[in-house]
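Working notes for the structure below.
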Protein chains: 2
Amino acid sequence: MQSFTEENYLKVIYHLAEKTETVQTNAIAEQIQTKPASVTDMIKKLADKGLVDYIKYQGVSLTDKGRSAAIDIVRKHRLWEVFLVDKLNFKWDEVHDVAEELEHIKSVDLIERLDEFLGFPKSDPHGDPIPDKHGRFAKTQFIKLIDLKVGDSGTITGVSQHSSAFLKHLEKLGLTLGKQIQITDVTDFDGSVEILSSEKQINISREVAKHILISSNGKI
Amino acid sequence: MQSFTEENYLKVIYHLAEKTETVQTNAIAEQIQTKPASVTDMIKKLADKGLVDYIKYQGVSLTDKGRSAAIDIVRKHRLWEVFLVDKLNFKWDEVHDVAEELEHIKSVDLIERLDEFLGFPKSDPHGDPIPDKHGRFAKTQFIKLIDLKVGDSGTITGVSQHSSAFLKHLEKLGLTLGKQIQITDVTDFDGSVEILSSEKQINISREVAKHILISSNGKI
DNA sequence: AAAAATTTTTAGATTTACCTAAAAATAAAA
DNA sequence: TTTTATTTTTAGGTAAATCTAAAAATTTTT
């Protein structure tokens, strides 16, 4: 059984490992909002417990045991987010902090019943996949909106940025999960993208386009 | 803002203060499952924060601020218990430990939305009243079953013991909240009570009768 | 390949909540 | 009202998670 803090480290390492094979001390420190020295201490502890593989100065990676524990936390986080949005009418930009607390509640029974109560959802309010109770989940095939070409179209099925500011911005533009979009132009000057959605022309910055995930349905 | 641990102390002091005016160090230690010396330390801290009144060797009592914080935790605990039973189909003897964790989730918004989602319940699965968001709740008028006389009748509206063993026992006897009962006999020998409920004669020990709360509807 | 910059680790402290053992205060019994 | 028992507090220490400052290793630049 891991402490609240250990769980947070495992979760952060898990997410960082999605980008780089081995995870750097500084990267963890930034995510946890702590100092690199503290991270080194905790990494040693996690290594002793067999949750991470660690070679001094070479970064860490999760062991199978560590990954499994991390996925369990991710599962809880995402299920609670669904609960907050579907049942308590939170908006998708309001759920992160509360789910961050709820994910640490320790009761296998609670999570299985919650899963059932929510109808065994496959993805959370941001389109992220929810692992099943065995830790398995479909690696969904997302394409970043920024990588589409003029004429391409698809459906918004996720975001890769969960900040409230970003999500509120999308909300205001009407770019929510499930929306159909088509690329109509890409501006040479600033790389901003012109898209057609709900019969309206919308211009989004490169930065925004990077964090919208599309399940492509090819060219129209 | 209180820590997890401080919240537990406040809650325990609140409950103990329902029985005795000022609360003893040893009584707190027993509830928190810690040593009296640790309790003294924490009490000093709570006193410094203005949450309890404390005179050395004389026990503690909650200040208005402390009581308000305690009631807030009790409110959360009881609302989560309703959620677990009403929505996730937990039994009334299974909810305590999980609610003990959930009660520490810090989000005013969450609790108000949960309250609404549950339909603003007035009492929890054990019949205990749920404070409203201002900390107000009706002091319900309960009578202990043990204090009823032969011929008296009433409705089971609460229990004063939340252990799983006790609740499972009641469940097996069919003595759940809302059940009508009538006292048919009191045994001289061991003080056990003979009651009529759902057209069945049931014998319950004195110890059990002490912890069943009745809202009396007089003699029939 | 040496110098500079960055990253990471060590060493030594701090804070929170807890502990044991012994001393002090209070309450109960003789 | 002493003596005894109980309760509570103090004193000094521990473990978890953090910190700062300085040292060590690695990476990047020149």
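Below, chain A is the first sequence line, B the second, and so on; all start at residue 1.
- Residues A/V98 and B/I105 approach most closely at CG1-CG2, 4.4 Å, considering heavy atoms.
- Phosphate proximity of D/dC19 to A/T34: present, with a side-chain N or O under 4.0 Å from OP1 or OP2.
- Regarding contacts with the backbone of C/dT8, every side-chain N or O of A/K35 stays at 4.0 angstrom or more from both OP1 and OP2.
- A parallel orientation is assigned to the rings of A/W92 and A/H126, their planes being inclined by less than 30° (bins at 30° and 60°).
- Between A/M42 and A/Q58, it is A/M42 whose nearest contact on DNA chain D lies nearer the 5' terminus.
- Within 4.0 Å of B/Y9, counting heavy atoms only, lie sugar-phosphate atoms of the nucleic acid but no base atom.
- Closest to the side chain of B/A37, from the set C/dA21, C/dA25, C/dT9, is C/dA21.
- In this structure, of C/dT8, D/dT9, C/dC19, it is C/dC19 that holds the atom nearest to the side chain of B/D41.
- Distances shown here put every side-chain N or O of B/S38 at or beyond 4.0 Å from the OP1 or OP2 atom of C/dC18.
- For B/N26 and D/dT6, the shortest distance from a side-chain N or O to OP1 or OP2 is not below 4.0 Å.
- Side chain of A/E94 to main chain of A/K91: a donor-acceptor pair is present (N/O by atom type, distance under 3.5 Å, no hydrogens or angles).
- Across all strands, A/T5 comes closer than 4.0 Å only to sugar-phosphate atoms, never to a base (heavy-atom distances).
- Distances shown here put a side-chain N or O of A/K44 below 4.0 Å from the OP1 or OP2 atom of C/dT10.
- The local environment of CG in B/D48 is crowded, with over 12 non-hydrogen atoms from other residues, nucleotides or ligands closer than 6.0 Å.
- Here A/Y54 lies in heavy-atom contact (under 4.0 Å) with sugar-phosphate atoms only.
- Contact annotation: A/Q24 reaches the phosphate of C/dT8 (side-chain N/O to OP1 or OP2, under 4.0 Å).
- Among the protein residues, B/T25 comes within range of the sugar-phosphate backbone only, with heavy atoms under 4.0 Å from sugar or phosphate atoms but none that close to a base.
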